[in-house]
Amino acid sequence: MQIKSKLNNIVNSALKANGIEIEEVVVNEATKVEFGDYQYNGAMALAKKLKTNPREIAQNLAKELDGNSIFSKVEVAGPGFINLTLDKEFLEQNLLNTLNNRAGVSKLNNPIKVVVDYSSPNMAKQMHVGHLRSTIIGDTIANLFEFLGDDVIRQNHIGDWGTQFGMLVAYFEESGANVDAKLSDLEQFYKEAKQRFDESEEFANKSRQNVVRLQGGDAETLKLWSTFIEKSLAHAQDIYNSLNVKLDSSHVRGESWYNSQLSNIVKDLETKEIAKESQGAKCIFFEDSENPIIIQKADGGYLYATTDLAAIKFRVQELGAKRVCYVVDARQAEHFKQVFQTAKDAEYANNDTKLEHIAFGMMLDKSGRPFKTRSGGTVKLKELIDEAVDRAKGVINRANEYSNEELEHIAKVVGIGSLKYSDLSINRQSNYIFDWDKMLSLDGNTALYMQYAYARINSILTKAGDIAETEPTLGDELERRLALKVLSLEDTLIKAYKEAMPHIITSYLYELATLFMKFYEQNPILKDGVSQEQKESRLILAKATANAIKVSLNLIGIEVLERI
RNA sequence: GCGCUAGUGGCUCAAUUGGAUAGAGCAUCAGACUUCGGAUCUGACGGUUAGAGGUUCGAGUCCUCUCUAGCGUACCA
């Protein structure tokens with residue numbers, strides 16, 4: 001349930017009762033446990049505006065709020081903070097509603113259509129670590145948006161066009177290699193082709209001609225090209241499947257798909273006098289930057305900015321998106337800023353369409369350098385995943401209690417889960433320092449701690465048998481806080497939704513799990529001497545916690561295990 | 001050169017977007033067990049938030065300058 005918006009409304013009425021009208025009331029979670037559950041800090045700002053005493057405003061407001069049975073305590077502190085503590089009964093009444101497959105989270109009142117552009121690997125090469133962050137961050141926000149009710153369209157803007165394919169085609173023709181080659185061979189061919197391209201002018205020209213043939217729709221060239229793409233996509237699909245990422249072939253709309261629209265985009269931008277010629281190329285200049293974006297090269301070829309503009313136009317005008325999220329590396333910030341600006345200038349997107357660059361930092365090794373293999377090459381995503389699963393096997397405590405099959409499954413869930421969780425649990429905007437040991441650690445804010453908490457609760461619930469789902473009676477402060485944490489899942493998800501920040505979900509998960517562990521340490525459930533009423537209430541708390549963990553983990557694309 | 005982004009205990013990260021005494025985990029040290037799964041929990045130690053100014057009731061957060069690092073800087077994506 002949305003606790004915050006409920007409180008906002010309550011405070012808003014209290015303000016009105018005091019004759020104060022303001023645009024937006026914001027109640028926040030308390031910064032410290034001693035301050036209660038929530039706090040309203042608006043009195044200070046109001047006092048400034050109304051030129052009165054903040055303490056006085058706060059007192060009057062508190063008096064009004066105190067009458068509401070939702071609070072067990074309302075107090076004014078410091079210069080005019082209003083600290084709010086929720087009444088147990090309110091929490092008790094709502095806890096049972098969280099025991100469904102949405103953990104009590106309702107859908108948004110005003111869902112919109114959203115395009116999430118993520119993963120976007122280059123074809124003819126294997127996916128490598130550079131694609132990991134976009135793929136899992138993008139998938140998480142797509143899951144989250146979808147869960148909250150938005151109409152999400154996933155778009156995999158694969159790099160399937162351009163000079164590189166001309167090169168590849170030329171090399172295949174030259175070397176007479178078998179087109180049925182595996183992707184790993186294809187990648188080798190790509191390297192060799194690149195070398196030929198750099199050393200031979202003749203080869204380079206041939207490659208460029210191939211690009212022209214490709215763009216012109218030459219059947220032979222296209223056939224060869226589509227074979228490359230098919231193989232590359234099959235490889236990408238394997239990766240998505242093992243990462244538990246919901247991308248499939250229906251989401252693929254690569255650069256090639258926009259090819260036919262590019263000349264019109266350029267013409268249109270020229271007509272609108274947004275683009276102009278400079279040094280033989282068609283460019284768009286900006287006041288605040290010395291660098292233009294180039295939409296057509298001097299030789300007539302198009303560039304990725306052109307494709308991106310065509311994509312925006314398509315997504316907004318054809319797909320009807322009101323929010324378009326580009327989950328792309330932070331280095332492209334300037335590119336997107338300029339492309340978005342151009343899209344607005346050209347009216348491909350109007351002002352109520354949100355174009356967002358969901359930027360993320362680089363993946364670095366422990367010493368702060370780009371994450372590479374020992375010999376300095378790029379780390380293939382497949383290798384990374386295999387190693388994660390392999391290492392996970394070594395971490396599982398009761399490995400001998402499981403069959404090989406079970407162990408494989410657990411290792412997969414734990415390994416992949418850890419790989420994803422450690423990435424998603426930090427603010428995406430900063431660089432991510434990748435560390436195997438930390439990732440598979442049992443302590444702290446890790447996937448394993450969460451998996452363990454879930455399995456442990458599951459064990460209790462199994463032992464307890466059927467649970468009477470009656471309204472609980474919350475005992476001590478820990479129980480009250482745990483119930484509140486479970487109920488605040490929706491507020492958390494809404495925050496993560498607004499900012500497209502997955503780590504907000506993992507922070508919540510960690511707080512929830514630690515709170516449960518503390519509660520459980522102090523408050524026995526199935527031991528002797530626990531009254532029936534206490535037992536039932538605590539079981540419901542445990543069940544609600546497990547359910548919230550499961551729903552949250554699923555949102556970030558991680559499975560739970562009944563046993564671990 | 002210009003531009004963008006960042007700089008928070010030894011390490012890895014938070015900080016509800018301007019709120020109260022800057023919070024966690026790791027590491028270190030000290031505790032709690034005939035375990036409802038101890039893969040747990042409880043403490044302690046550790047900070048001039050890179051530095052200097054400024055804005056105001058109030059700054060890690062906003063502004064200016066300096067330092068440091070990374071990235072981007074015209075026909076790759």
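So you know, we letter chains A, B, ... as the sequences are listed, proteins then strands, and number each from 1. Worth knowing before you read on, the calculation uses all heavy atoms, side chains too, and leaves out hydrogens, waters and symmetry mates.
Across all strands shown, Ile564(A) has heavy atoms under 4.0 Å from base atoms, whether or not it also approaches the sugar-phosphate. Counting non-hydrogen atoms under 4.0 angstrom, Ala281(A) reaches a base of the nucleic acid. Nucleic acid contact for Lys495(A): sugar-phosphate only, since backbone atoms but no base atoms lie under 4.0 Å from a heavy atom of the residue. Using a 4.0 Å heavy-atom distance criterion, Gln451(A) is classed as making no nucleic acid contact. Looking at heavy-atom distances under 4.0 Å, Ile525(A) makes contact with a base. Across all strands shown, Asp308(A) has no heavy atoms under 4.0 Å from either base or sugar-phosphate atoms. Within the 4.0 angstrom heavy-atom criterion, base atoms lie near Gln39(A).
Remark: the Asn445(A) side chain and the A24(B) base include no donor-acceptor N/O pair separated by less than 3.5 Å. The base of G37(B) sits within donor-acceptor range of the side chain of Ser459(A), with an N or O pair under 3.5 Å.
Candidate nucleotides U16(B), A74(B), G37(B) were compared by shortest atom distance to the side chain of Ser278(A), and A74(B) ranks first. With distances taken from any side-chain atom of Lys438(A) to the nucleotides U40(B), G70(B), U12(B), the minimum falls on U12(B).
A heavy atom lying under 4.0 Å from RNA chain B marks the following residues of residues 514-521 of chain A, by number: Met517(A), Lys518(A), Tyr520(A), Glu521(A).
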Pull out every protein N or O sitting under 3.5 Å from an N or O of nucleotides 3-11 of chain B, one pair per line with the distance.
none

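Residue His503(A) has a polar side-chain atom (N or O) positioned under 4.0 Å from OP1 or OP2 of A15(B).
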